[in-house]
Amino acid sequence: MDKLLSGLGTKLAERWINLLALPGVLFTLVLAFAWWVRPVGALDVTAIAARLGALAVPKQNGQLVLLAAGGAVIATACAGLAAELSRFVARTWTGNGRVALLVLRPLLRRRVRRARAAAPDGYTVPERYLPARATRIGDAVRLAEQRIAAQYGVALVRVWPRLWQLSSSDERAMTQLAWDRYTAASLRAAWAFGYLLVGVLWWPSVVVAAVLYVSALSSARRAAEDLRTAIEALADVKLVVLAGAVGIPLAHGRFTAKDGPALEAVLDKGTYLMK
């Protein structure tokens, strides 16, 4: 799963303004305000107004430049920290760990019951398709892996880099868009942790943090479902092309589970040998 997700990463530099720079400036302003208003109380409007009236604004150009430069440095540092934290959040949300599975096992059991109950009368959900990760986001990516393995007999983590190379920019667009939405949600969650820390100075920031995180998690769940659909769709239409590219003839004119072992043997390159 980690290899699959890392293969979809978007260059943050291309989206610096939208995802990092502007939120970094806003966070710096909130941090400065929280520090400035801390002595008089979070919501004491009268005291805050009095402090604003007595505020000395730098009038010399040198002081203004120094103040702007200091703010830019702080904003840039905060943006860098948020970017690093967002990578941790993105992987944590996949629930790929024993601790997360142990803590969230009751929620996992409930998702399993719901999945089984959603099956039409007379049908059941295959065991491999049932939720098994600690989080819904992790289950979405895992389900794509399991469905492709069941349908085509190949491991998604092995065929995915080749499918991506064989796809045009238009064919990649749906997958990339879903991944971009997921990374944007993880960045929003990272900023939420920053606002949570600012709550030590100014408690209303905790409310902002809670709203940011809840909205980020909701967006990430929707993006993960869209990502699963996009991954499966790309595999459905490109596995035939991949088989032709590596010289595997398809007896039925389409890629089936019987063709999976032959493709796996080519891509595996003899990693394991029979004793």
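The structure displayed is predicted, hence computed values, not measured ones.
- A 6.0 Å sphere centred on CZ of R254 holds no more than 12 heavy atoms belonging to other residues, nucleotides or ligands.
- Taken from CD in E232 to CD in E145, the straight-line distance is 11.0 Å, to the nearest 0.5 Å.
- Side-chain heavy atoms closer than 4.5 Å link hydrophobic residues (I, L, V, M, F, W, Y) into clusters, and following such links, even through other members, never connects V141 to V112.
- Of the N and O atoms on the side chains of D180 and T183, not one donor lies less than 3.5 Å from an acceptor on the other residue.
- Contact detail for V125 and A119: the closest heavy-atom pair is CG2-CB, 4.1 Å.
- One finds a salt bridge joining E225 and R228 here, because a Lys/Arg side-chain nitrogen approaches an Asp/Glu carboxylate oxygen to under 4.0 Å.
- Between the side chains of D236 and Y152, at least one donor N or O lies within less than 3.5 Å of an accepting N or O.
- Of all the heavy atoms in L212 and A192, the pair that sits closest is CB-CB, 3.8 Å.
- Formation of a donor-acceptor pair under 3.5 Å by the S218 side chain with backbone atoms of V214 is not found in this model.
- Between the OH atom in Y195 and the CG atom in L31 there is a gap of 9.5 Å [rounded to 0.5 Å].
- Here the closest heavy-atom approach between residue T94 and residue A90 is recorded as CG2-O, 3.5 Å.
- In this structure the side chain of T256 never reaches within 4.5 angstrom of the side chain of L250, judged on heavy atoms.
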- [ ] Let me see the working for L177 and D226 under side-chain contact (heavy atoms from CB on, under 4.5 Å), right down to the final yes or no.
- [x] CA-CA 9 Å; L177 177 61; D226 292 343; over 6 Å; no
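- Under the 4.5 Å side-chain heavy-atom criterion for grouping Ile, Leu, Val, Met, Phe, Trp and Tyr, L227 is connected to L217 within one hydrophobic cluster.
- When all heavy atoms of R188 and A216 are compared, the pair lying nearest together is NH2-CA, 3.6 Å.
- With contacts defined as side-chain heavy-atom distances shorter than 4.5 Å, the pair P261/E264 does not qualify.
- Counting all heavy atoms, side chain and backbone alike, A150 lies closest to A257 at O-CB, 4.5 Å.
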Task: Trace of the side-chain contact (heavy atoms from CB on, under 4.5 Å) decision for W164 with T175 - done: CA-CA 10 Å; W164 194 252; T175 308; 3.8 Å; yes
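- Taking hydrophobic clusters as Ile, Leu, Val, Met, Phe, Trp and Tyr residues chained together by side-chain heavy-atom distances below 4.5 Å, L85 does not share a cluster with L81.
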Task: Criterion side-chain contact (heavy atoms from CB on, under 4.5 Å) on Y182 and I137, from CA distance to verdict - done: CA-CA 10 Å; Y182 183 73; I137 292 172; 3.7 Å; yes
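- No donor-acceptor pair closer than 3.5 Å links the side chain of D268 to the backbone N or O of A265.
- Using a 4.5 Å cut-off between side-chain heavy atoms of Ile, Leu, Val, Met, Phe, Trp and Tyr, with links allowed through other members, L104 and L143 fall into different hydrophobic clusters.
- No side-chain donor-acceptor contact under 3.5 Å links S186 to the backbone of V89.
- Judged purely by atom type and a 3.5 angstrom limit, R162 has no side-chain atom pairing as donor or acceptor with the backbone of L242.
- Rounding to the nearest 0.5 angstrom, the gap separating the CH2 atom in W93 from the OG atom in S86 is 9.5 Å.
- Heavy-atom minimum distance, A224 versus A140: O-CB, 3.8 Å.
- Remark: the backbone N or O of L234 is not paired with any side-chain donor or acceptor of E171 at under 3.5 angstrom.
- Residues F33 and I74 fall into different hydrophobic clusters, defined by Ile, Leu, Val, Met, Phe, Trp and Tyr side chains chained together at heavy-atom separations under 4.5 Å.
- Remark: the backbone N or O of R133 is paired with a side-chain donor or acceptor of R111 at under 3.5 angstrom.
- Atoms CD and NZ, from Q165 and K238 in turn, are 12.5 Å apart once rounded to the nearest 0.5 Å.
- Counting heavy atoms from C-beta on, the side chains of L239 and L263 come closer than 4.5 Å.
- Enclosure of atom CZ in R172 by more than 12 non-hydrogen atoms of other residues, nucleotides or ligands within 6.0 angstrom is indicated.
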Open item on the list: Run the side-chain contact (heavy atoms from CB on, under 4.5 Å) test on W202 and V208 for me, step by step, so that the C-alpha distance in whole Å, both residues' side-chain angles and the decisive distance to 0.1 Å come before the verdict.
Closed with: CA-CA 11 Å; W202 188 54; V208 176; 5.7 Å; no
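- To the nearest 0.5 Å, atoms CG (L108) and CZ (R105) are separated by 6.5 Å.
- Between W160 and I231, some side-chain heavy-atom pair lies under the 4.5 Å cut-off.
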